[in-house]
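Structure first, commentary second.
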Amino acid sequence: MYVASFLVLLQGALFAIVSALNVDNAYVNGIDEYLQKKGETFYIYNIEDEATEMLSDFLQENTAQHDLFLFYAAEEVGDSSFFVKQKTFAVTGKTHVLEKVDTYVYMNFSVIDPSALKKVSEDENVCISGTGGCAYRLPYFQFGTNISFVNYGKWASWHNNVNGTYYLVGNKADKDLFFTELSSILQVDKDTLFEKKQGSDVSSPQYFFFISLWGISIFLFAVSCVVILVRSLSDMGKILLLGYSRFSFIWDVLRLPLLSVFVLPFFFVVFAYIMSYGSIFNFSYISTFVFYGVLSLVVSIVATLPALLVVYQTSSINAIRHRYSHRLLIGMTLGLYALASVGVAGMGHIISDGVLKEISHKREVMNAWSSVQDMHVISHVQTGNDEASFSMLSSAYAYDLYEWYSSFARDKDVFYVYAEDYNSQWSKKLYDEVQLPEHDTYFEDDYVLMNVSPEYMSHIGISFDDSMVKKAHEGHRVYFMHSTVAEQEKKNVCKVITTENMMDVDKTHHEGILFGKEKNTYCETYEYDRGVFTWNADLGKNVYADAQHVVFSLVVPENMTYTNVTSLQGVGFDGSVLKMSESAVSKYMNNEYTRSFHLDDNELQTQSIYASISAEIDEYKTMMYFYGSILLFSMFLAVISLIVVFYLYRIAFDEKLNVQRFLGEGIAKLYMPLLLMCGITACALYAYAYAYGNVFSYVVTSIFVTIEVFLLYVLARKNDVSSIVTFLKTQQ
């Protein structure tokens with residue numbers, strides 16, 4: 001009974017999460033439907049990064065010149081792609097247009113308020129969001145989507161992307177003119193703007209994850225109720241003969257689980273507050289969760305019906321003699337067996353193609369990075385007071401890191417370094433398709449661009465003129481290419497990289513960065529006769545690149561681009577751009593030092609590269625233990641189900657099996673249905689393993705099938721002689 005009660009509360013908690021996801025889905029879809037109703041929906045696709053700034057300027061300028069207001073919907077997955085999702089609406093245009101737009105209300109909460117949006121569009125420092133850090137707060141649900149409204153100009157300064165969905169509000173004449181000009185710029189037919197050529201499945205993976213767990217918990221609850229009542233059938237027979245009703249028997253046996261079921265609506269009210277972080281808690285919201293609680297109650301009661309059928313279909317005499325219909329029990333047990341088999345296949349796939357492969361990859365990375373394993377990197381940060389920055393609504397945290405790094409950037413024990421790939425295909429596509437004035441050439445070869453501090457170049461043994469370091473500190477960009485690269489190729493590469501840097505200039509707003517003011521670049525040569533370590537964690541690419549294919553970009557605080565600044569936020573051995581010695585860590589990573597740069601609340605932590613990779617391996621090992629335990633539990637569940645099916649099959653066809661065995665029929669023929677069931681399951685599991693090329697799944701399936709066949713053989717042999725003897729005795 002206690003297990004059944006626990007399963008009631010478990011399925012209630014899981015269904016509460018599913019309910020919150022349903023509420024969140026209706027909330028997000030409601031915003032889209034509202035904007036579609038109030039404005040004109042259009043789409044922009046396939047715009048290269050290099051053309052985004054020009055198009056972004058057009059969108060802002062055109063809406064400002066006419067009576068138009070624009071919403072740009074940008075979806076992005078957060079740090080935890082399984083659970084966190086961000087959807088941002090960037091807004092711009094004439095604010096008086098919003099006076100004609102009604103407030104969008106969801107569950108008595110004003111979501112799209114024209115007066116608030118007016119402030120957002122006019123002031124880039126004002127935003128609306130479900131998380132902290134903004135002037136206005138929206139509802140936000142656990143495991144759901146964080147909705148934000150930000151100033152389009154501020155958004156454009158953070159992101160280099162204009163592809164996506166737009167909603168345009170305004171009068172028809174101005175909208176027609178807008179679409180005519182936009183189609184001319186994009187060189188497409190106007191009707192093309194209204195065709196949604198791209199998209200993705202809107203169903204979130206976490207929804208199916210929780211709904212699956214909920215379904216399993218309901219199934220287990222139904223099975224547990226059947227088991228509880230079947231075990232008490234002999235007592236039921238005696239109770240019925242004494243004049244009591246079947247209902248009183250059921251209530252007496254299942255009292256605790258049934259009481260737990262009727263608590264669910266109240267249970268859901270508590271979950272309603274928890275799932276919304278208290279961001280919304282009014283009558284409409286509470287009543288919605290009470291409805292879901294009642295629905296959960298109804299489903300739980302329905303789940304008890306198989307057990308009730310067993311009770312109501314069994315007479316008191318048959319109950320005393322333990323005679324009851326086995327078909328229902330066999331069907332439910334087969335369902336449990338099938339469910340457990342699916343779990344075996346799924347967990348085998350996850351462990352093999354996910355966890356084991358990642359562990360192997362990380363070990364290979366550790367070996368490849370052995371020469372730098374003692375260097376320290378930033379491994380973990382706390383959100384602190386920078387919620388807006390971690391929600392991509394502010395760059396305050398990035399510039400705090402910039403100030404912090406600037407204070408010790410010239411320390412020889414600290415390196416700034418990260419690599420980017422610049423391939424010839426990208427260069428040619430840029431030249432052939434975009435053809436901006438700055439892109440009048442392309443390069444022939446593939447290169448690795450190493451963004452590095454002067455101290456790192458000296459550390460690996462590359463000599464260069466000190467005057468170039470001085471130029472970098474004056475705000476100029478300085479590039480070094482290998483001396484063996486042809487002169488024209490060198491010019492082409494520098495021009496393309498410089499052009500990209502120039503596109504980053506307008507995003508950078510900080511008095512310490514001079515590159516946006518100077519905009520000068522220098523392209524020099526260097527000598528090096530060894531391979532260059534690229535800090536690449538993708539072993540599909542060369543960890544050591546030929547020096548002829550490496551371009552060094554000298555990065556110091558004074559000549560940083562916006563991309564250089566934001567890269568300081570990276571963490572982990574393959575994400576952190578700052579590499580430090582242990583002595584540098586003790587000097588610059590303590591709270592006393594970081595406090596003056598507003599970073600003490602972020603609690604910056606470091607690890608050696610060796611420890612960082614080892615920590616990730618340990619995380620995957622933990623995951624392997626977790627999924628492995630689910631795999632073992634699934635196998636255990638399947639084996640138990642098989643044993644139950646065997647005995648139910650034996651009881652249901654006891655007389656027939658005994659006669660056939662007495663007449664000399666073989667064991668395999670007697671239990672052919674069970675063997676076929678195991679064979680079909682094995683074929684399905686092997687087909688799944690073959691489809692994914694999953695070696696581990698082959699091994700798991702082989703072990704699983706061997707256990708099943710051996711178990712059936714043992715059970716059959718064990719019951720063979722004893723069943724015939726018992727049968728013959730009862731016939732005398």
Side-chain angles (χ1 to χ4, degrees), residues 368-375 409-424 426-427 441-501 515 518 520-539 541-561 563-564 567 577-581 584 609:
W369 286 37
S370 59
S371 61
V372 295
Q373 65 180 14
D374 294 330
M375 296 298 295
R410 301 193 189 194
D411 191 318
K412 293 183 178 180
D413 288 331
V414 179
F415 306 134
Y416 178 103
V417 52
Y418 76 93
E420 300 175 82
D421 289 326
Y422 279 74
N423 60 62
S424 56
W426 171 82
S427 174
T441 187
Y442 55 83
F443 47 85
E444 297 288 347
D445 215 335
D446 295 341
Y447 294 91
V448 176
L449 176 66
M450 299 288 295
N451 297 271
V452 300
S453 57
E455 291 73 22
Y456 182 73
M457 287 188 68
S458 298
H459 173 73
I460 63 175
I462 297 178
S463 58
F464 48 86
D465 194 332
D466 289 340
S467 63
M468 290 297 102
V469 180
K470 183 179 179 183
K471 292 289 184 185
H473 284 298
E474 291 173 354
H476 306 289
R477 298 291 292 189
V478 182
Y479 307 107
F480 292 92
M481 294 193 67
H482 200 267
S483 58
T484 57
V485 177
E487 189 64 28
Q488 186 59 48
E489 177 78 347
K490 183 175 73 172
K491 290 180 180 179
N492 293 348
V493 173
C494 287
K495 181 169 286 189
V496 172
I497 296 175
T498 299
T499 301
E500 187 182 39
N501 288 156
F515 177 56
E518 298 293 338
N520 291 331
T521 59
Y522 295 86
C523 197
E524 303 295 319
T525 59
Y526 72 93
E527 300 282 347
Y528 202 62
D529 57 1
R530 301 192 300 275
V532 178
F533 181 65
T534 61
W535 300 83
N536 200 328
D538 182 0
L539 299 181
K541 303 174 183 178
N542 291 328
V543 178
Y544 282 88
D546 190 327
Q548 291 181 326
H549 300 285
V550 177
V551 182
F552 286 98
S553 175
L554 214 57
V555 177
V556 296
E558 292 81 5
N559 75 348
M560 279 186 169
T561 64
T563 300
N564 293 142
S567 66
V577 299
L578 296 183
K579 280 73 179 178
M580 306 180 180
S581 68
I609 287 175

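Just the heavy atoms: all of them, side chains too, but no hydrogens, waters or symmetry mates, feed the values below. Along the sequence shown, residues carry numbers from 1.
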[Y] and [X], any side-chain heavy atoms less than 4.5 Å apart:
X      : Y      : result
Met580 : Asp413 : no
Val448 : Asp421 : yes
Val551 : Val493 : yes

Is there a donor-acceptor pair closer than 3.5 Å between any side-chain N or O of Asn559 and the backbone N or O of Leu554?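 Yes; at least one donor-acceptor contact below 3.5 Å.
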Within the side chain of Asn564, is there an N or O that forms a donor-acceptor pair under 3.5 Å with the backbone of Thr561?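 Pair found, side chain donor or acceptor close to backbone of Thr561.
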Give the minimum heavy-atom separation between [X] and [Y], together with the two atoms involved.
X      : Y      : value
Ala584 : Val414 : CB-CG2, 3.8 Å
Tyr544 : Ala368 : CE1-O, 4.4 Å
Val478 : Met468 : CG2-O, 3.7 Å

Report the distance from atom [atom1] of [X] to atom [atom2] of [Y], rounding to the nearest 0.5 Å.
X      : Y      : atom1 : atom2 : answer
Cys523 : Glu487 : SG    : CD    : 8.0 Å
Tyr522 : His476 : OH    : NE2   : 4.5 Å
Tyr447 : Glu489 : OH    : CD    : 3.5 Å
Met450 : Phe533 : CE    : CZ    : 8.5 Å
Met560 : Arg477 : CE    : CZ    : 9.0 Å
Met481 : Glu524 : CE    : CD    : 12.5 Å

Acceptor/donor pairs from residues 456-464 side chains to any protein atom, 3.5 angstrom cut, sequence neighbours excluded:
unit_1: Tyr456; atom_1: OH; unit_2: Trp535; atom_2: NE1; d: 2.8
unit_1: Ser458; atom_1: OG; unit_2: Pro454; atom_2: O; d: 3.3

Go through the structure and list residues passing side-chain hydrogen bond (donor to acceptor under 3.5 Å, both in side chains) with [X], not counting sequence neighbours.
X      : answer
Ser483 : Glu527
Ser370 : none
Asp529 : none
Gln373 : none

What residues form a salt bridge (charged side-chain N to carboxylate O under 4.0 Å, His left out) with Asp411, not counting sequence neighbours?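 Checked Asp411 against salt bridge (charged side-chain N to carboxylate O under 4.0 Å, His left out); matches are Lys587.
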For Lys471, give me all partners under salt bridge (charged side-chain N to carboxylate O under 4.0 Å, His left out), at least two apart in sequence or on another chain.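 Result, salt bridge (charged side-chain N to carboxylate O under 4.0 Å, His left out) vs Lys471: none returned.
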With sequence neighbours excluded, tell me which residues meet ring-ring contact (aromatic ring centres under 6.0 Å, His included) with Tyr526.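 Tyr526 satisfies ring-ring contact (aromatic ring centres under 6.0 Å, His included) with His482, Phe552 once adjacent residues are dropped.
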Please enumerate all residues that pass side-chain contact (heavy atoms from CB on, under 4.5 Å) together with [X], with sequence neighbours excluded.
X      : result
Arg410 : Glu455, His473, Glu558
Ser567 : Tyr416, Tyr418, Val577
Ala409 : Tyr405, Pro557
Ser467 : Asp465

